[in-house]
Amino acid sequence: MELAEILDAAAAGRFPTPDGTTTVVPQPSPRDAGVLAFTAHSVIFTDEDPDWVRSALAAIDCDSLAATMNPRFLAALLDRTGRSHDTTDLLTVADPLPGGPALELREIEDPDHPRVRRARVRRDGVRVWAMPAGGGVLVLGRGVAGRWETAVEVDEAARHRGLGKELARAARHLVPDGAPVWSQQSTGNSRSIRAFQAAGYRPVGAEALMLARR
């Protein structure tokens, strides 16, 4: 099974068997490699030798269910692949919604906009919307295994008004093709986690994404 199939199934509520094992699948693209941790089942997407992966996991001195997200294993995988990694995220997903978003948004077409430049490191086909009066931006693009991913950014002066939730919900209206929309929130960013879950995003697992160095 390819990573895209695993993600499609998870978006529909069908998860890998919680049997304590680890599945190793090829990278969906040269850009993306990493680890997904579902309930009692992990998926590692890498082009490295699966025998090396399993040997490295076996060498980690911790609960076997936690080995794939253990910092020592992640560091070993980063050293092996020469990739970069920021943080381990909560991976969430939501179904699309009909019609247009409630927020007034305008699309930013400037490829030199800082939010566009940052998004293009991780995603293809990036589109960015901003509120005309300012306050926040919304990003959509194709990320890991071609899934649609969103990220939102709220200006400091506009915080604590529910704007993050409304931007996250707007992405569900803007995602093309009737596809689910995915998002990652840093596990320490409780404000972002609350906003996305209030907007209807469901937690499906944890993700440690490793990007090729530029």
Side-chain angles (χ1 to χ4, degrees), residues 2-4 6-7 10 22-38 41-62 65-93 110-128 137-154 168 171 181-193 196 201 203-214:
E2 295 184 354
L3 182 61
I6 294 171
L7 290 170
T22 296
T23 299
V24 182
V25 298
Q27 291 172 213
S29 71
R31 181 188 62 197
D32 299 324
V35 182
L36 289 169
F38 299 106
H41 194 114
S42 292
V43 176
I44 300 175
F45 48 107
T46 179
D47 288 340
E48 293 299 317
D49 182 354
D51 289 338
W52 176 88
V53 171
R54 298 189 188 284
S55 175
L57 286 171
I60 303 299
D61 183 17
C62 72
L65 291 177
T68 58
M69 286 296 181
N70 185 282
R72 291 187 181 276
F73 171 71
L74 295 178
L77 188 55
L78 288 169
D79 289 344
R80 174 91 172 185
T81 59
R83 290 175 167 266
S84 63
H85 168 63
D86 292 328
T87 188
T88 297
D89 293 312
L90 175 67
L91 183 63
T92 61
V93 67
D110 180 5
D112 290 326
H113 187 280
R115 203 64 182 85
V116 176
R117 291 200 304 271
R118 290 199 299 272
R120 283 180 171 168
V121 175
R122 297 170 179 266
R123 301 179 180 100
D124 300 315
V126 171
R127 299 176 67 184
V128 180
V137 296
L138 181 160
V139 175
L140 271 175
R142 287 194 176 275
V144 175
R147 69 190 181 194
W148 283 103
E149 298 177 355
T150 189
V152 305
E153 189 173 291
V154 178
V181 57
W182 296 80
S183 189
Q184 303 105 316
Q185 295 93 53
S186 168
T187 54
N189 191 346
S190 58
R191 184 160 54 187
S192 179
I193 290 171
F196 274 88
Y201 289 73
V204 297
E207 180 175 85
L209 183 61
M210 300 176 180
L211 296 172
R213 294 186 185 275
R214 288 179 291 173

| field | Beyond-backbone contact of T87 with D89, side-chain heavy atoms, under 4.5 angstrom | value | yes

Scanning both residues in full, the closest heavy-atom pair of R54 with V24 reads NH2-CG2, 3.9 Å

Verdict with supporting geometry, R122 and D86, side-chain contact (heavy atoms from CB on, under 4.5 Å)
CA-CA 12 Å; R122 297 170 179 266; D86 292 328; 2.2 Å; yes

Taking the side chain as every heavy atom from C-beta outward, state whether F196 and T150 have any pair of such atoms under 4.5 Å apart. yes

Looking only at heavy atoms, the pair that brings P203 and L90 closest together is CB-CD1, 4.0 Å

Q) Would you say M69 and V35 make side-chain contact, with heavy atoms under 4.5 Å? A) yes

Rounded to the nearest 0.5 angstrom, the OG1-CZ distance for T68 and F73 is 7.0 Å

CG (L36) and OG1 (T22) are apart, to the nearest 0.5 Å, by 11.5 Å

Q) Are any of the side-chain heavy atoms of F45 and L209 separated by less than 4.5 Å? A) yes

Can you find a pair of side-chain heavy atoms, one from V139 and one from R127, that are under 4.5 Å apart?
no

Looking only at heavy atoms, the pair that brings A171 and Y201 closest together is CB-OH, 3.6 Å

In this structure, CG of L211 is separated from NE2 of H85 (nearest 0.5 Å) by 10.0 Å

Between W148 and G125 the two heavy atoms that sit nearest each other are CZ3-O, 4.4 Å

Inset, instruction - Answer yes or no: is there a donor N or O on one side and an acceptor on the other, between the side chain of S55 and the main chain of D51, under 3.5 Å? - result: no

Rounding to 0.5 Å, atoms CZ (R123) and CZ (R31) come to a distance of 9.0 Å

One should read off an interatomic distance between I193 CD1 and T187 OG1, to the nearest 0.5 angstrom, of 6.5 Å

Q: Answer yes or no: is there a side-chain heavy-atom contact under 4.5 Å between L140 and E149?
A: no

- Message: In the structure I gave you, are the side-chain heavy atoms of E153 and L138 within less than 4.5 Å of one another anywhere?
- Response: no

Between A10 and V204, the two heavy atoms sitting closest are O-CG1, 4.2 Å

Margin query: Would you say that W182 contacts L91 through its side chain, given a criterion of any heavy-atom pair below 4.5 Å between the two side chains?
Written below: yes

> So, are R72 and D61 salt-bridged, with charged N and O less than 4.0 Å apart?
Replying inline: no

What one should report as the nearest heavy-atom pair of A67 and C62 is CA-SG, 3.6 Å

Practice problem: Would you check, one step at a time, whether the test salt bridge (Lys or Arg N to Asp or Glu O under 4.0 Å) holds for D32 with R147? | Solution: CA-CA 12 Å; D32 299 324; R147 69 190 181 194; over 6 Å; no

Rounding to 0.5 Å, atoms CG (N70) and CG (L65) come to a distance of 12.5 Å

**Prompt:** Should T92 and Q185 be marked as a side-chain hydrogen bond (donor to acceptor under 3.5 Å, both in side chains) after you check the CA-CA gap, both sets of side-chain angles, and the distance that decides it?
**Reply:** CA-CA 8 Å; T92 61; Q185 295 93 53; 3.2 Å; yes

Steps toward side-chain contact (heavy atoms from CB on, under 4.5 Å) verdict (M210, L74): CA-CA 9 Å; M210 300 176 180; L74 295 178; 3.7 Å; yes

